[in-house]
Amino acid sequence: MKFDCIIIGAGMSGIAAGIRLAHYGKKVCILERHSREGGLNSFYSRGRFEFETGLHAMTNFVKSDAPKNSPLLRLLRQLRIPYEAMKLREQNHSLIKFPSATLDFTNNFADFMDSVAFAFPAEADNFRRLDAFLTSFNELDLALKPESARAKVSEFIKSPLLVDMLFCPLMYYGSATENDMELGQFVVMYKSIFKEGFCRPADTGIRLLLGLLFNRFSESGGELRMKTGVKRIISREGAVVAVETDAGEILETAAVLSSAGLPETLSLCDVPDPLYPEPEKSLAGGLAFVEAVSMLNDSYELKNDATIIFYSLNDKFRYQAPSEPYSLDSGVICMPQNFRFRQEDFTPGKAFRVTCLANYEKWKNLSAEEYYDLKKATGKAAFENAEKLAGISGILDNSAMTDIISPLSISRYTSRMRGAIYGSPIKRRDGLTHIKNLYLCGTDQGFLGITGAMLSGITVSNLYLLK
Ligand SMILES: Cc1cc2nc3c(=O)[nH]c(=O)nc-3n(C[C@H](O)[C@H](O)[C@H](O)COP(=O)(O)OP(=O)(O)OC[C@H]3O[C@@H](n4cnc5c(N)ncnc54)[C@H](O)[C@@H]3O)c2cc1C
């Protein structure tokens with residue numbers, strides 16, 4: 001048996017690519033090492049609770065009558081998923097909170113313009129000019145040369161505080177590099193977060209989204225093998241001919257599309273990339289995160305209606321790996337019940353999620369007891385800090401259950417080196433590798449987040465596998 005394409009990974013990019021290829025009659029098989037689909041954007045159960053691992057919010061929200069080339073509509077069209085099936089509900093509003101200023105944004109960009117003008121009157125015109133530049137920028141050009149986003153944004157905005165406030169959400173939701181972003185990546189995030197905005201599928205959230213995708217894949221004739229890791233990509237004369245699974249099975253294929261990440265994929269190849277003979281050392285990302293999640297008692301009234309709060313405790317925002325196991329200096333607070341749900345929706349249980357930067361190395365070699373204690377201390381500190389920022393109290397006293405998603409959980413369940421959610425700082429925008437018919441999609445192709453990952457899977461499939 002020989003496949004037209006084997007896809008490594010049943011995360012958002014892998015499944016989107018799989019649907020696309022299956023629609024066109026390709027014999028496609030997705031191999032996933034974990035026992036659950038979704039990759040970084042998945043869920044797990046503890047007692048009567050379901051914890052989500054990704055999905056604070058889907059970015060790129062637009063209404064169904066928006067221009068047809070909007071990323072979300074393009075994505076749904078290519079996957080043949082009706083807009084209404086996603087049951088997307090918009091955010092209430094979100095905040096960027098720094099000690100000297102707060103900005104407020106919704107899915108209506110004019111609100112953000114007003115908020116910037118109110119907090120930074122001297123920058124109102126500069127921000128308008130920056131927005132005009134970013135809006136006309138073609139971030140989808142696969143041949144874009146890397147350029148510093150900080151340098152470019154600072155050509156327009158004079159206030160270092162406003163520059164940092166603009167960077168904070170965009171870096172937290174998609175930067176694999178410390179303190180600066182590549183301009184094309186910045187524009188992707190700027191448009192998807194500020195110009196379009198946040199939404200969430202109603203009812204079961206992530207599960208609704210995953211259900212739609214995996215049903216579409218199997219209806220289209222695709223094959224999915226769970227608990228089937230790839231341990232080796234086998235090539236002959238510079239071209240992939242097969243993969244070997246963790247169990248030792250050899251599966252022949254005409255092409256491989258990997259969503260596992262750049263260093264992770266290169267380390268599977270039987271012929272090393274001459275540029276990166278030791279991929280883990282030279283390519284693995286250094287930015288890891290920890291997330292504290294509380295499932296709140298139904299009776300607890302969460303007295304804050306913001307959907308997401310991005311914060312920094314200092315006006316100078318630092319986005320870099322901390323020297324300690326975690327740092328609360330900046331972070332993201334997500335309250336998933338604060339979307340505009342409708343009466344007919346089955347609303348999710350109340351939750352409170354706090355994400356901040358972490359140091360993978362400090363979590364790596366702990367004993368079971370030390371690991372447990374660190375998780376407990378992280379949760380307590382993260383919730384107490386977030387309560388102050390959100391102006392609420394009683395999270396821990398009203399938690400029916402809490403859990404911590406550590407950098408180790410990420411590497412264990414997604415095989416991401418060093419738990420780096422946003423992957424390698426080196427991206428392969430064209431999706432090509434040193435092996436002819438081995439392609440990359442997802443995080444390390446450079447389109448991040450849930451929508452970005454799916455678009456990446458579609459783009460790479462259209463470009464190389466459906467021609
Ligand atoms: C806590 C958290 C919060 C987030 N919040 C948001 C958010 O609010 N909005 C947003 O848009 N994004 C969010 N994200 C990011 C988003 O989930 C990811 O960017 C996106 O899901 C990445 O998809 P991917 O397909 O590129 O990679 P992955 O999801 O990493 O998929 C890769 C898959 O490959 C599998 N794999 C790896 N190696 C092998 C192998 N050798 N053999 C077989 N299988 C293998 C992995 O198990 C995994 O399932 C969040 C992520 C986390 C962890």
Side-chain angles (χ1 to χ4, degrees), residues 1-22 24-40 214 217-218 220-280 283-284 411-417 423-424 428 430-445 453 456-457 460-461 463-466:
M1 186 163 72
K2 185 169 173 177
F3 293 101
D4 292 320
C5 183
I6 281 179
I7 297 175
I8 304 179
M12 303 314 286
S13 62
I15 183 63
I19 293 173
R20 198 75 194 136
L21 296 176
Y24 282 87
K26 298 286 179 190
K27 195 169 162 49
V28 54
C29 179
I30 302 182
L31 304 178
E32 168 57 55
R33 180 170 276 148
H34 190 31
S35 56
R36 176 150 293 159
E37 67 280 10
L40 287 165
F214 283 89
F217 180 62
S218 63
S220 312
E223 183 181 341
L224 169 65
R225 295 196 196 177
M226 302 301 292
K227 293 192 189 173
T228 309
V230 171
K231 75 171 173 203
R232 195 161 61 103
I233 296 171
I234 303 168
S235 57
R236 202 172 298 143
E237 293 167 12
V240 171
V241 289
V243 301
E244 182 180 358
T245 68
D246 289 340
E249 191 181 0
I250 305 288
L251 300 171
E252 286 185 49
T253 181
V256 169
L257 180 53
S258 174
S259 67
L262 177 60
E264 293 83 355
T265 302
L266 295 187
S267 66
L268 298 174
C269 295
D270 58 356
V271 176
D273 183 332
L275 286 178
Y276 303 108
E278 292 183 283
E280 175 150 18
L283 289 172
S411 62
R412 192 172 299 148
Y413 293 110
T414 67
S415 304
R416 291 244 164 235
M417 285 175 182
S424 172
R428 285 277 170 90
D430 58 10
L432 298 173
T433 68
H434 65 298
I435 297 180
K436 203 158 59 183
N437 46 352
L438 167 64
Y439 307 102
L440 289 180
C441 66
T443 303
D444 281 345
Q445 198 231 337
S456 146
V460 174
S461 301
L463 210 53
Y464 304 119
L465 297 159
L466 290 174

For a quick test of reading the model, state the closest non-hydrogen atom pair linking [X] to [Y] and the distance between them.
| X | Y | value |
| --- | --- | --- |
| Gly25 | Asp4 | O-OD2, 4.4 Å |
| Ser35 | Lys227 | CB-CE, 3.6 Å |
| Ala255 | Leu465 | CB-CD2, 3.6 Å |
| Leu224 | Ala10 | CD1-CB, 4.0 Å |
| Pro277 | Pro274 | CD-O, 3.6 Å |

Test Glu280 against Ser267 for side chain to side chain contact (heavy atoms under 4.5 Å, CB included), laying out the working first. CA-CA 8 Å; Glu280 175 150 18; Ser267 66; over 6 Å; no
Please step through side chain to side chain contact (heavy atoms under 4.5 Å, CB included) for the pair Leu262 and Arg428, ending with a clear verdict. CA-CA 8 Å; Leu262 177 60; Arg428 285 277 170 90; 4.1 Å; yes
Show me the donor-acceptor pairs within less than 3.5 Å that the side chains of residues 13-21 make with the rest of the protein, sequence neighbours left out.
residue	atom	partner	partner atom	Å
Arg20	NE	Gln78	OE1	3.0
Arg20	NE	Asn462	OD1	2.8
Arg20	NH1	Gln78	O	3.2
Arg20	NH2	Gln78	OE1	3.2

List in chain and number order the residues that pass ring-ring contact (aromatic ring centres under 6.0 Å, His included) with Phe217, two or more places apart in sequence or in another chain; answer none if no residue qualifies. none
Derivation of the side chain to side chain contact (heavy atoms under 4.5 Å, CB included) call for Leu251 and Leu31: CA-CA 11 Å; Leu251 300 171; Leu31 304 178; 3.9 Å; yes
Any side-chain to backbone donor/acceptor pair from Thr228 onto Met226? Under 3.5 Å, distance only. yes
Is the backbone N or O of Val240 less than 3.5 Å from a side-chain atom of Asn437, with the two atoms forming a donor-acceptor pair by type? yes
Return the orientation label for the Tyr439 and Tyr464 ring planes: parallel under 30°, perpendicular over 60°, tilted otherwise. parallel
So how far is it from [X] [atom1] to [Y] [atom2], rounded to the nearest 0.5 Å?
| X | Y | atom1 | atom2 | answer |
| --- | --- | --- | --- | --- |
| Ile30 | Glu37 | CD1 | CD | 10.0 Å |
| Ser258 | Ile435 | OG | CD1 | 11.0 Å |
| Ser461 | Ile7 | OG | CD1 | 6.0 Å |
| Ile8 | Ser259 | CD1 | OG | 8.0 Å |
| Lys27 | Lys2 | NZ | NZ | 12.0 Å |
| Ser456 | Met12 | OG | CE | 12.0 Å |

[Y] side chain reached by [X] side chain, heavy atoms, under 4.5 Å:
| X | Y | answer |
| --- | --- | --- |
| Val460 | Leu440 | no |
| Leu283 | Asp444 | no |
| Val256 | Thr265 | no |
| Pro263 | Met417 | yes |
| Arg416 | Thr443 | yes |
| Arg225 | Thr245 | no |
| Val28 | Leu257 | no |
| Leu266 | His434 | yes |

Please enumerate all residues that pass side chain to side chain donor-acceptor pair (under 3.5 Å) together with Asp246, with sequence neighbours excluded. Arg33
For Arg412, all residues meeting side chain to side chain donor-acceptor pair (under 3.5 Å), sequence neighbours excluded: none
Among all residues two or more places apart in sequence or in another chain, which pass the salt bridge (charged side-chain N to carboxylate O under 4.0 Å, His left out) test with Lys231? Glu244
Salt bridge (charged side-chain N to carboxylate O under 4.0 Å, His left out) filter on Arg36, not counting sequence neighbours, yields none
How about CZ on Phe214, more than 12 heavy atoms from neighbouring residues, nucleotides or ligands closer than 6.0 Å, or not? yes
Run the numbers on Leu438 and Ser235 for side chain to side chain contact (heavy atoms under 4.5 Å, CB included), then give the verdict. CA-CA 9 Å; Leu438 167 64; Ser235 57; over 6 Å; no
